[in-house]
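Here's the structure we're looking at; comments come further down.
We count residues from 1, following the sequence as given.
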Amino acid sequence: MTKLLDAQGLEISHAGHRTRLKWHRLRKRFADPLFSAEVMAEGFAAGASMELDLRVRADGGFVVLHDKELEGETTGYGPIAKKSGSDLRDIRMKEGARPLILSEDLAGMMQTTHPAALLQFDMKDDYEAIGASGIEHLAEHFRDIAASVIVSGGCLDLVMAVKEKLPHLLRGIDPTDKLYGIREASGWKAAETELRADLRGPTEPDTVYLHWPLILAAAKDGFDMIALCRDEGKRVDAWTFTLKDPEAGFSEEEWRSFSALMALKPHQITTDEAPATERAWRRRISG
């Protein structure tokens, strides 16, 4: 018997296992505006798992954006790393002319949340760019917040710096690109050795973020990445599975992939269509 919450896009419970659905870039649905404070507030109230991207500013603070340059997502121009918080106050998101969310604003929004809410800070810059001043900014603003936070990134030096300065925050690593390269050069056994080393490494990650096609490709060849992580006491987030047609639900190809992924029991799946994925799963399971 499969039991789901009432189309809230929070989780799928199946075969005795609970898989959370994480809202990618603060979007509950793909139609939602990118990095929406309103959707984040809804997620905080409902106890959702959500992700946002952070870019470092010239003054050591951060802004919630994905790209290095302002042009792609906003009305501004130039590299974010050369802008201060005051420089960004008058710039707007292209979608809906909304103000940008600065890290100072974000800290204020996180004072009251559902106890189950989890917010992932996906750090898009490395430690060389962020430096000690950026880590100090995080410590100053996110030391006493109500929401649970996990800080993730591809730069292990950055994750280590967060561990040392903010040990109470959860940490996540994303070795996906590295593992793709190792598999291509040396095969799955070498990739397994590297992944195991990362899991046991000094960052002490809570969660490992892995591209879902990489997980399925490994499983097809007999390497269960999720089981390895679970055996090491780590959670796995499989990113990013988004239905092409949320109203229609799973295509046959999507269903084969998603059901194979669910059979491996990931702890979390990142998606831009959380409620639609939940509905589509319910339809398929109920026949």
Side-chain angles (χ1 to χ4, degrees), residues 22-41 43 50-110 119-143 145 147 149-162 165-166 169 171-174 176-178 209 211 239-240 242 270 272:
K22 187 185 74 188
W23 302 0
H24 184 223
R25 300 188 190 178
L26 296 182
R27 286 196 288 208
K28 186 176 181 180
R29 303 171 183 84
F30 194 76
D32 288 335
L34 193 65
F35 301 128
S36 163
E38 291 75 21
V39 174
M40 181 164 59
M50 300 174 286
E51 176 253 13
L52 54 77
D53 299 325
L54 286 180
R55 283 285 180 187
V56 71
R57 310 181 319 234
D59 54 12
F62 297 85
V63 61
V64 179
L65 289 171
H66 175 274
D67 299 343
K68 277 187 176 183
E69 310 281 335
L70 287 164
E71 289 89 329
E73 298 159 296
T74 80
T75 59
Y77 296 91
I80 295 167
K82 293 187 176 180
K83 307 289 185 183
S84 67
S86 58
D87 294 333
L88 298 174
R89 283 293 182 192
D90 293 331
I91 292 173
R92 294 291 181 265
M93 297 294 288
K94 284 183 176 177
E95 292 179 276
R98 294 167 293 118
L100 308 189
I101 301 174
L102 304 186
S103 44
E104 295 87 344
D105 309 323
L106 186 59
M109 295 173 188
M110 299 174 69
L119 191 60
Q120 177 194 348
F121 290 177
D122 194 8
M123 312 300 287
K124 292 302 182 184
D125 299 293
D126 59 19
Y127 183 66
E128 185 177 352
I130 290 172
S133 64
I135 299 298
E136 186 59 45
H137 178 94
L138 289 175
E140 179 185 348
H141 288 88
F142 297 97
R143 185 177 283 115
I145 49 173
V149 170
I150 181 165
V151 180
S152 68
C155 176
L156 296 185
D157 288 343
L158 174 61
V159 179
M160 277 299 298
V162 169
K165 197 72 177 179
L166 295 108
L169 298 186
R171 294 174 298 281
I173 59 172
D174 187 345
T176 293
D177 289 345
K178 177 173 66 174
Y209 298 90
H211 194 208
W239 59 266
T240 298
T242 297
T270 299
D272 290 291

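A donor-acceptor pair under 3.5 Å is absent between the side-chain atoms of D53 and the main chain of K124, judged by distance alone. In this structure, the side chain of T176 engages the main chain of H211 through a donor-acceptor pair within 3.5 Å. For the pair D157 (side chain) and Y127 (backbone), a donor-acceptor distance under 3.5 Å is absent.
For the pair L52 and L119, the minimum side-chain heavy-atom distance is below 4.5 Å. Side-chain contact check for C155 versus M123: every heavy-atom pair is 4.5 Å or farther apart. At least one side-chain heavy atom of L158 sits less than 4.5 Å from a side-chain heavy atom of I135. Using a 4.5 Å heavy-atom cutoff, the side chains of M40 and L106 are in contact. In this structure the side chain of L70 reaches within 4.5 angstrom of the side chain of L88, judged on heavy atoms.
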Handout entry: D174/W239 under side chain to side chain donor-acceptor pair (under 3.5 Å): CA gap, chis, key distance, verdict
Key = CA-CA 10 Å; D174 187 345; W239 59 266; 3.3 Å; yes
Problem - Worked verdict on T242 versus H24 for side chain to side chain donor-acceptor pair (under 3.5 Å) - result: CA-CA 10 Å; T242 297; H24 184 223; 5.7 Å; no
Problem - I150 vs L169, side-chain contact (heavy atoms from CB on, under 4.5 Å): CA-CA, chis, key distance, verdict - result: CA-CA 6 Å; I150 181 165; L169 298 186; over 6 Å; no
Handout entry: side-chain contact (heavy atoms from CB on, under 4.5 Å) assessment of V56 paired with I80
Key = CA-CA 7 Å; V56 71; I80 295 167; over 6 Å; no
Exercise for the section: List the steps and the verdict of side-chain contact (heavy atoms from CB on, under 4.5 Å) for V63 and K83. Expected result: CA-CA 10 Å; V63 61; K83 307 289 185 183; over 6 Å; no
Exercise for the section: Let me see the working for H66 and L34 under side-chain contact (heavy atoms from CB on, under 4.5 Å), right down to the final yes or no. Expected result: CA-CA 10 Å; H66 175 274; L34 193 65; 5.7 Å; no
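Between D272 and the options K22, R27, R25, a salt bridge (charged side-chain N to carboxylate O under 4.0 Å, His left out) holds for only R27. Applying side chain to side chain donor-acceptor pair (under 3.5 Å) to S152 and the options R171, E51, Q120 leaves one that passes, Q120.
Here the shortest heavy-atom pairing between F35 and M93 reads CD1-CE, 4.4 Å. The two residues S103 and H137 have their closest heavy-atom pair at OG-NE2, 2.7 Å. Of all the heavy atoms in A107 and H141, the pair that sits closest is CB-O, 3.3 Å. Residue M50 comes nearest to V39 through the heavy atom pair SD-O, 4.2 Å, listed as atom of the first residue, atom of the second, then distance. Nearest heavy-atom pair, R92 versus L100, reported as atom, atom and distance to 0.1 Å: C-CD2, 4.0 Å. For the residue pair S133 and I130, the shortest heavy atom distance occurs at OG-O, 3.8 Å.
Side-chain rings of F62 and F121 stay apart, their centers remaining 6.0 Å or farther from each other.
Under a cut-off of 6.0 angstrom, the local environment of NZ in K68 is sparse, with at most 12 non-hydrogen atoms contributed by other residues, nucleotides or ligands. Heavy-atom contacts from other residues, nucleotides or ligands closer than 6.0 Å to NZ of K165 number 12 or fewer.
E104 and R57 are joined by a salt bridge, as a carboxylate oxygen and a charged side-chain nitrogen come within less than 4.0 angstrom of each other.
Annotation: the span from S84 atom OG to R89 atom CZ amounts to 10.0 Å, rounded to 0.5 Å.
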